[in-house]
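Some notes on the structure that comes next.
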Amino acid sequence: MNRLTAAFFARSVHVVAPELVGATLLVGGVGGTIVEVEAYDRADPASHSFRGPSPRNRAMFGPPGHAYVYRSYGIHWCLNLVCGSEEGAGEAVLVRALEPTAGLAAMAARRGLAEPRLLCAGPGRLTQALGVTGAHDGIPLDAPPFELRPRPAPLPVVAVPRIGISVAVERPWRHALAGSRFVSRPLRPA
DNA sequence: CGTTAGATCTCCT
DNA sequence: GGAGATCTAACGT
């Protein structure tokens with residue numbers, strides 16, 4: 001099966017992020033099609049990497065093609081895919097929403113909710129549905145339990161401002177599949 | 001529909 | 001001490 005390897009992620013996060021829309025993300029065989037991501041880079045005040053390495057963000061400064069998983073608001077886990085043309089670039093893509101296609105029953109059980117539209121619509125919901133936790137922090141994306149497959153073909157992707165940040169709010173680094181009903185929040189029309 | 005509060009981790013001042 | 005790449009339930013309109 002065709003897989004996304006480290007070479008795919010070893011480029012600028014701003015090139016990789018839109019190409020991930022339409023890609024397939026599975027964790028332990030459970031997941032679906034990526035419909036929404038956000039890009040964060042080293043010079044971005046909204047990025048965890050902006051102020052340099054810390055115990056939490058260590059993986060974000062590691063090799064591209066690995067996972068960066070952090071705890072959000074003390075409650076949720078959020079999954080990032082580390083990018084960058086060189087190790088230590090401090091770039092990553094936050095995976096914000098999937099269209100569920102595989103393991104719907106497992107996701108519903110973990111989420112305590114069966115409505116497909118709400119299983120993976122948001123970074124915290126997505127990690128809960130896929131069983132992603134801090135145990136996945138720093139591990140490679142081209143080996144089990146992860147399975148990432150490229151988009152079959154280019155798709156209509158819209159770039160809009162990111163969600164939930166209070167600085168650099170105007171940067172259009174939220175990339176989403178146009179017209180998808182599985183996004184975390186509606187795509188604000190320009 | 002809209003707004004609000006609470007969960008309580010990790011980092012910064 | 002306070003804010004944050006979030007989510008949910010509870011409440012007012």
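Proteins get letters first, then strands, A, B, ... in listed order; numbering begins at 1 in each.
- Whole-Å rounding puts the A/R162 CZ to C/dG4 C1' distance at 14 Å.
- If you measure from atom OH of A/Y70 to atom P of C/dA3, you get 18 Å, rounded to the nearest angstrom.
- Between the side chain of A/T127 and the backbone N or O of A/W77, at least one donor-acceptor pair lies under 3.5 Å.
- Of the listed nucleotides (B/dC12, B/dC11, C/dA5), B/dC11 has the atom at the smallest distance from the side chain of A/S54.
- Comparing C/dA5 with B/dG2, their P atoms are spaced 24 Å from each other, to the whole Å.
- Helical stems in DNA chain C, defined as runs of 3 or more consecutive Watson-Crick or G-U wobble pairs with donor-acceptor distances under 3.5 Å: B:1-7 with C:6-12, B:9-12 with C:1-4.
- Within the 4.0 Å cut-off from OP1 or OP2 of C/dA5, not a single side-chain nitrogen or oxygen of A/S72 is found.
- What separates CG of A/D44 from P of C/dG4 is a distance of 14 Å, to the nearest Å.
- In this structure, CG of A/L79 is placed 13 Å from P of C/dC7, rounded to the nearest angstrom.
- For A/R56, the listed nucleotide lying nearest its side chain is B/dC11; candidates were C/dA5, B/dC12, B/dC11.
- On the C1' atoms, C/dT8 is 22 Å away from B/dT10, given to the nearest whole Å.
- Straight-line distance from the CH2 atom of A/W173 to the C1' atom of C/dA5: 13 Å, rounded to whole Å.
- A donor-acceptor contact closer than 3.5 angstrom is absent between the side chains of A/Q128 and A/R110.
- For B/dT8, the OP1/OP2 oxygens have no side-chain nitrogen or oxygen of A/R71 closer than 4.0 Å.
- Atom CH2 in A/W77 sits roughly 16 Å away from atom P in C/dT6 (whole-Å rounding).
- Judged by ring centres under 5.5 Å apart and planes tilted less than 30 degrees, A/Y73 fails to stack against the six-membered base ring of B/dA7.
- The shortest side-chain heavy-atom distance between A/R171 and A/D44 falls under the 4.5 Å cut-off.
- Of all heavy-atom pairs spanning A/H175 and A/A159, the tightest one is ND1-CB, 3.8 Å.
- Judged by distance alone, the side chain of A/R151 and the main-chain N or O of A/I34 form no donor-acceptor pair under 3.5 Å.
- Of the candidates B/dT10, C/dA5, B/dC12, C/dA5 carries the atom nearest the A/R96 side chain, counting heavy atoms from C-beta on.
- Distances shown here put a side-chain N or O of A/S166 below 4.0 Å from the OP1 or OP2 atom of C/dG4.
- Between the A/D41 side chain and the A/E91 main chain, no donor and acceptor come within less than 3.5 Å of each other.
- Counting to the nearest Å, the P atom of B/dC11 and the OH atom of A/Y68 are 8 Å from each other.
- Using a 4.5 Å cut-off on side-chain heavy atoms (C-beta onward), A/R96 and A/I163 make contact.
- Counting non-hydrogen atoms under 4.0 angstrom, A/I75 reaches a base of the nucleic acid.
- Looking at A/V16 and A/F9, their side chains come closer than 4.5 Å, going by heavy atoms from C-beta outward.
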Inset, instruction - Report the C-alpha separation of A/H48 and A/C78 in whole Å, then their side-chain angles, then the decisive distance to 0.1 Å, and conclude whether the side-chain contact (heavy atoms from CB on, under 4.5 Å) test is met. - result: CA-CA 12 Å; A/H48 288 175; A/C78 290; over 6 Å; no

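- For residues 111-130 of chain A, proximity to DNA chain B is found at no residue, defined as any non-hydrogen atom under 4.0 angstrom from a strand atom.
- Counting to the nearest Å, the C1' atom of B/dC11 and the NE2 atom of A/H48 are 9 Å from each other.
- Two residues are said to be in side-chain contact when any heavy atoms from C-beta on lie closer than 4.5 Å; A/F182 and A/E36 fail this criterion.
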